[in-house]
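Just so you know, these numbers use all the heavy atoms, side chains as well, and skip hydrogens, waters and symmetry mates.
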Amino acid sequence: LQQVEVCLQLEPQNAECLIQRLRLAVRLKNRSLSEKTMAMLEEAIPGTIVENWAALIVKKHEPDFKSKSIVKKLTEKPSEDVFVLTTLELDRAFEVNNFSRAKDVMQYLEKNYSDWPDLIYYKQKINIESAENKIIHSTEINTLYLARCKNLSKSTARKYRYDFELCIRGSL
């Protein structure tokens, strides 16, 4: 957070620095800092898809998140923005217990983002919450998830930098 603040002192409207500040604020569950940073981001890059997904992330734990229309059709062209919106759609599918939709989104993520470490977490979550498989080997899966995150390369971490919960799911 200190490094992000240095970046923002040098360039107050730097979108990357604002996004990272927002990521840290969300991880710290600092609502005040999240809202302040979101306002700065909206001013820096108004009306962009980045502003839209950032606003959704900030409001993800609010009751009306369930009714949001995030991704209707999964696109054939993967990108950072599509990735973030797709993970939000996955979270929304779990919120409304739509496991069929969650499976569809997971298949899309597996096909287009196979190196995303949190696939392991979500596969386990689908198995547990949809009750298709009882909690079999959940300790092994959790260990595998933690190991994959511990050994995450810098390039993979950078690739998924807009996933504000990367490698911390299940511990929130």
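The nearest pair of heavy atoms linking P12 to L18 is O-CD1, 4.0 Å. Contact record, R27 with L166: NH2-O, 2.7 Å, taken as the closest heavy-atom pair. Between V4 and C17, the shortest heavy-atom contact is CG1-O, 3.3 Å. Looking at every heavy atom in both residues, L119 comes nearest to S114 through CD1-O, 3.7 Å. Nearest heavy-atom pair, A102 versus L90, reported as atom, atom and distance to 0.1 Å: O-CD1, 3.5 Å.
In the hydrophobic clustering of this structure, L28 groups with F164; members are Ile, Leu, Val, Met, Phe, Trp, Tyr whose side-chain heavy atoms approach within less than 4.5 Å, directly or through other members. If you chain together hydrophobic residues whose side chains sit under 4.5 Å apart, I19 and L1 fall into the same group.
Of the inter-residue distances, the one linking T87 atom OG1 with L85 atom CG reads 7.5 Å to the nearest 0.5 angstrom. Here CD of Q107 is found 7.0 Å from CD of E110. Values are rounded to the nearest 0.5 Å. Residue Q124 holds its CD atom at 10.0 Å from CG of L144, rounded to the nearest 0.5 Å. One distance of note links CZ of R148 with SG of C167; it measures 9.0 Å at 0.5 Å rounding. Rounding to the nearest 0.5 Å gives a distance of 10.0 Å between CD1 of I70 and OG1 of T86.
Side-chain contact check for T143 versus Y145: every heavy-atom pair is 4.5 Å or farther apart. Looking at D118 and C149, their side chains come closer than 4.5 Å, going by heavy atoms from C-beta outward. With a 4.5 Å cut-off on side-chain heavy atoms, I120 and K123 do not count as touching. Using a 4.5 Å cut-off on side-chain heavy atoms (C-beta onward), D163 and V84 make no contact. Between L88 and F65 the shortest side-chain heavy-atom distance falls below 4.5 Å. For the pair R92/V105, no side-chain contact is recorded, criterion being any heavy-atom separation below 4.5 Å from C-beta on. By the 4.5 Å heavy-atom criterion applied to side chains, Q13 and M40 are not counted as neighbours.
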Applying side-chain contact (heavy atoms from CB on, under 4.5 Å), run through Q3 and Q20 and close with a yes or a no.
CA-CA 10 Å; Q3 294 301 318; Q20 291 312 313; over 6 Å; no

Side chain to side chain donor-acceptor pair (under 3.5 Å) assessment of R169 paired with Y122:
CA-CA 9 Å; R169 288 180 170 86; Y122 278 111; 2.8 Å; yes

Worked check of side-chain contact (heavy atoms from CB on, under 4.5 Å) between K60 and E165
CA-CA 12 Å; K60 187 168 123 175; E165 296 176 6; 2.9 Å; yes

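In this structure, the side chain of N98 engages the main chain of R101 through a donor-acceptor pair within 3.5 Å.
For E95, the salt bridge (Lys or Arg N to Asp or Glu O under 4.0 Å) criterion is met by no residue, not counting sequence neighbours. F83 pairs by the ring pair (Phe, Tyr, Trp, His ring centres under 6.0 Å) definition with Y113, W116, Y160, not counting sequence neighbours. Residues forming a salt bridge (Lys or Arg N to Asp or Glu O under 4.0 Å) with E16 (at least two apart in sequence, or on another chain): R161.
Electrostatic pairing of E89 and K68 does not count as a salt bridge here, judged by no charged N lying under 4.0 Å from a carboxylate O.
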Show every donor-acceptor pair shorter than 3.5 Å between a side-chain atom in residues 32-39 and any protein atom, with sequence neighbours excluded, or say none if there are none.
unit_1	atom_1	unit_2	atom_2	d
S34	OG	N30	O	3.0
E35	OE2	R31	NE	3.0
T37	OG1	L33	O	2.7

Could you pull out all donor-acceptor pairs under 3.5 Å where a side-chain atom in residues 71-79 meets a protein atom, sequence neighbours excluded?
unit_1	atom_1	unit_2	atom_2	d
T75	OG1	K77	N	3.2
S79	OG	V82	N	3.3

Check residues 48-58 and write down every donor-acceptor pair under 3.5 Å in which the side-chain atom is one partner and the other belongs to a residue at least two apart or another chain.
unit_1	atom_1	unit_2	atom_2	d
T48	OG1	I45	O	3.2
T48	OG1	V50	N	3.4
T48	OG1	E51	N	3.1
E51	OE1	G47	N	2.4
W53	NE1	D81	OD1	3.0

